[in-house]
Amino acid sequence: MQTTNQERVIRPVRGVMGSLRLPGDKSISHRYGMLGGFAEGTSRFSNFSTGEDCASTLSCMEALGAKVTRLDDGRVEVTGVGGRVQEPAQALDCGNSGSTMRMMSGLLAAQEGRFTLVGDASLSRRPMERIRKPLEAMGARLTLTEGHAPLTIEGGELKAIDYTMPVPSAQVKTCVLLAGLQTAGTTTVREAVRTRDHSELALRAFGARLARTTDSVSVGGPQKLHAIEAAVPGDISSAAFFLCAAALFPGSGLVVEDLGLNPTRATLLDVLTALGAGIGVLNLEEKHAELVGTVQVTGPREGLGTVAVTGALAAQLIDELPALAAIGPYTNGGIRIRDAKELRVKESDRIALVVKNLRAMGAEVMEFEDGLDVPGGQRLHGATIDAGGDHRIAMAFSVAALRAEGETLIRGAESAAISFPEFFELLDRVVVR
Ligand code: S3P
């Protein structure tokens with residue numbers, strides 16, 4: 001593999017072998033950074049995400065008055081504002097991060113002041129109406145730009161609501177909970193599909209009381225948060241690229257240690273098992289209510305089978321779908337994805353880009369509004385891949401390239417740093433040539 005920043009050449013390999021420990025989960029790091037910055041006292045986090053997205057969250061919290069220090073031992077230390085942010089002089093720059101913008105909007109809606117949130121070109125195309133609706137129902141005033149960022153919040157005292165989410169989204173759920181945390185009365189969020197519950201677990205770790213049922217979460221406000229010391233588990237959505245890569249090659253074996261295995265995030269392990277990969281989970285333990293463990297994956301001798309990802313599964317696996325689709329052609333029976341329309345409004349239109357790039361590699365693939373069909377038993381050739389500024393597309397096609405014939409050029413490879421700056425280096429370490 002070559003190492004220019006913006007373009008990477010990936011050559012075919014014979015397998016994947018070795019053991020890895022990955023940087024901290026992006027979703028959990030966002031929450032720890034945001035809650036630590038809002039809490040009273042000084043929090044310290046080891047294995048905090050090294051991605052640019054979480055750096056955006058930390059710099060926004062700094063602009064709001066929190067103090068962030070990177071300690072010599074690699075930990076991130078955050079001294080919080082004790083429940084009262086300062087109005088920043090400038091717009092808060094959320095970079096490429098939808099999580100930062102949507103979750104922080106809830107935090108700020110209940111604070112006195114005027115806050116403007118901006119993002120890069122990709123984030124400025126993503127739907128923000130979904131947070132305006134509940135926050136306005138709580139009494140906040142939000143001004144969007146044609147449904148998108150830049151957005152301005154006139155924050156202040158809110159009223160509690162009972163909100164049923166029309167689209168499954170952990171970011172929207174968190175947005176409402178963070179506003180509810182600061183609001184008198186009980187705020188409830190209802191969801192038809194249980195989305196990732198890191199906010200619920202993190203809020204409790206920071207001392208908040210929440211009530212949960214199978215399809216709702218309620219927070220009574222106002223409540224104060226208190227600093228914590230925590231280790232962030234390895235990011236399973238980053239691990240996904242390596243797990244899929246190992247599963248692709250008969251006889252491959254990979255171990256990923258200290259990996260976050262929260263059940264709302266670990267669906268990929270079930271899907272890989274359904275495809276015939278050998279999956280083992282060892283050393284399971286709980287850290288601040290987050291499950292952490294070691295995962296072993298082996299590539300089956302007879303190759304991968306077939307799987308359909310639809311319904312609730314699609315929502316729970318949403319970030320892993322590009323990686324799964326990218327290995328689809330190499331399975332025996334293909335991969336079918338539906339009910340995944342949300343993929344079209346991620347950092348890029350991930351359905352369109354996966355289809356375009358699979359076709360560039362010579363694959364047959366059918367595109368649908370809410371998913372795609374990738375027939376199995378195909379041979380792909382190297383091609384020039386357009387990552388479209390999307391980290392997960394850059395990494396997914398680096399995995400597809402490992403089994404193609406000839407070289408693949410990943411254009412826009414630098415976008416991997418949004419979630420996983422170490423990706424190419426670690427990939428290089430575990431491939432067998
Ligand atoms: C995230 C939730 C998901 C996911 C994103 C991170 C989170 O987005 O795709 O990468 O940390 O809450 P939605 O809330 O839009 O589904």
Side-chain angles (χ1 to χ4, degrees), residues 24-35 48-49 51-54 56-57 60 94-107 119 122-123 125-134 147-149 163 165-178 189 191-203 217 232-233 235-241 260 262 264-268 290 309 312-324 337 339-351 354 370 390-396 415-416 418-420:
D25 185 83
K26 177 160 88 70
S27 289
I28 297 175
S29 297
H30 276 304
R31 285 151 173 89
Y32 283 0
M34 212 172 282
L35 298 184
F48 195 83
S49 166
E52 290 168 8
D53 266 9
C54 295
S56 294
T57 286
C60 287
C94 303
N96 189 246
S97 174
S99 296
T100 307
M101 185 170 279
R102 294 191 180 121
M103 302 198 301
M104 199 161 289
S105 295
L107 192 79
S122 150
L123 183 53
R125 285 192 293 270
R126 298 182 63 188
M128 292 298 148
E129 226 16 82
R130 53 184 66 189
I131 55 167
R132 193 178 63 78
K133 286 205 177 105
H148 308 276
Y163 187 65
M165 289 201 297
V167 179
S169 165
Q171 295 171 356
V172 174
K173 173 173 63 174
T174 306
C175 169
V176 178
L177 290 177
L178 293 183
V189 184
E191 51 183 4
V193 174
R194 178 169 276 201
T195 61
R196 62 191 70 192
D197 65 355
H198 303 301
S199 296
E200 294 87 316
L201 303 185
L203 279 164
V217 48
V232 183
D235 193 322
I236 191 165
S237 297
S238 297
F241 301 104
N262 179 315
T264 62
R265 292 287 301 286
T267 311
L268 180 68
E290 291 285 355
V309 178
L313 211 55
Q316 280 162 352
L317 208 61
I318 199 82
D319 290 343
E320 287 67 66
L321 292 179
L324 210 52
I337 297 171
D339 305 317
K341 209 169 155 198
E342 275 291 296
L343 278 179
R344 295 207 181 265
V345 292
K346 293 293 179 188
E347 287 82 328
S348 68
D349 178 340
R350 287 183 172 158
I351 295 177
V354 165
D370 66 341
D390 186 328
H391 54 132
R392 298 205 200 277
I393 299 293
M395 294 187 277
S415 59
I418 285 295
S419 60
F420 195 5

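Numbering starts at 1 and runs along the sequence shown. Counting convention: from 1, in listed order, for ligands and their atoms alike. Since the model is a prediction, treat every value here as computed from it, not as a measurement.
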J.: Which of these, Lys346, His391, Arg102, Lys26, has its nearest heavy atom closest to atom 16 (O) of ligand 1?
T.: Lys346

J.: Under 4.0 Å, heavy-atom basis, I'd like to know which part of His198 is in contact with ligand 1: side chain, backbone, both or neither.
T.: neither

J.: Output the distance between atom NE2 (His30) and atom OG (Ser49), rounded to the nearest 0.5 Å.
T.: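 That separation rounds to 7.0 Å.
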
J.: Rounded at 0.5 Å granularity, tell me how far NE2 in His391 sits from OG in Ser415.
T.: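 Reported to 0.5 Å precision, the distance equals 7.5 Å.
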
J.: Quick one: are Lys173 and Thr195 in side-chain contact, heavy atoms under 4.5 Å?
T.: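 Of all side-chain heavy-atom pairs linking Thr195 with Lys173, at least one is under 4.5 Å.
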
J.: For Ser27, is at least one N or O under 3.5 Å away from an N or O on ligand 1?
T.: yes

J.: Is any side-chain heavy atom of Met104 closer than 4.5 Å to one of Cys94?
T.: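 Not touching, per the 4.5 Å side-chain cut-off.
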
J.: Hey, is ligand 1 close enough to Ser169 that some N/O pair sits below 3.5 Å?
T.: yes

J.: Gln316: what forms a side chain to side chain donor-acceptor pair (under 3.5 Å) with it, not counting sequence neighbours?
T.: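 Side chain to side chain donor-acceptor pair (under 3.5 Å) check on Gln316 returns nothing, list empty.
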
J.: Mind checking whether Met103 and Cys175 have side chains closer than 4.5 Å, heavy atoms only?
T.: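 Contact flag for Met103/Cys175 side chains = no.
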
J.: Among all protein heavy atoms in this structure, tell me which lies nearest to atom 10 (O) of ligand 1, with the distance rounded to 0.1 Å.
T.: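 Scanning the protein heavy atoms, the shortest distance from atom 10 (O) of ligand 1 goes to Asp319 OD2, 2.8 Å.
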
J.: Can you find an N or O of Ala170 that's nearer than 3.5 Å to an N or O of ligand 1?
T.: yes

J.: Heavy atom under 4.0 Å from ligand 1: found in Arg31's side chain, backbone, both, or neither?
T.: side chain

J.: In ligand 1, which numbered atoms sit nearer than 4.0 Å to a non-hydrogen atom of Ile318?
T.: 9 (O)

J.: Measure the distance from atom 1 (C) of ligand 1 to every protein heavy atom, then report the residue, atom name and distance (to 0.1 Å) of the closest one.
T.: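 Nearest neighbour among protein heavy atoms for atom 1 (C) of ligand 1, to 0.1 Å: Gln171 NE2, 3.6 Å.
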
J.: How many angstroms lie between atom NE2 of His198 and atom OG of Ser29, to the nearest 0.5 angstrom?
T.: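 One finds 10.0 Å between NE2 of His198 and OG of Ser29.
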
J.: Answer yes or no for Arg196: is there a heavy-atom contact with ligand 1 below 4.0 Å?
T.: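 It does, in that a heavy atom of Arg196 comes within the 4.0 Å cut-off of ligand 1.
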
J.: List every atom of ligand 1 that sits less than 4.0 Å from any heavy atom of Ser99, numbering the atoms from 1 in the order shown and giving each element.
T.: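 Near Ser99, the atoms of ligand 1 are 1 (C), 6 (C), 7 (C), 11 (O).
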
J.: If we ignore angles and hydrogens, is there a donor and acceptor under 3.5 Å between the side chains of Ser97 and Ser56?
T.: no

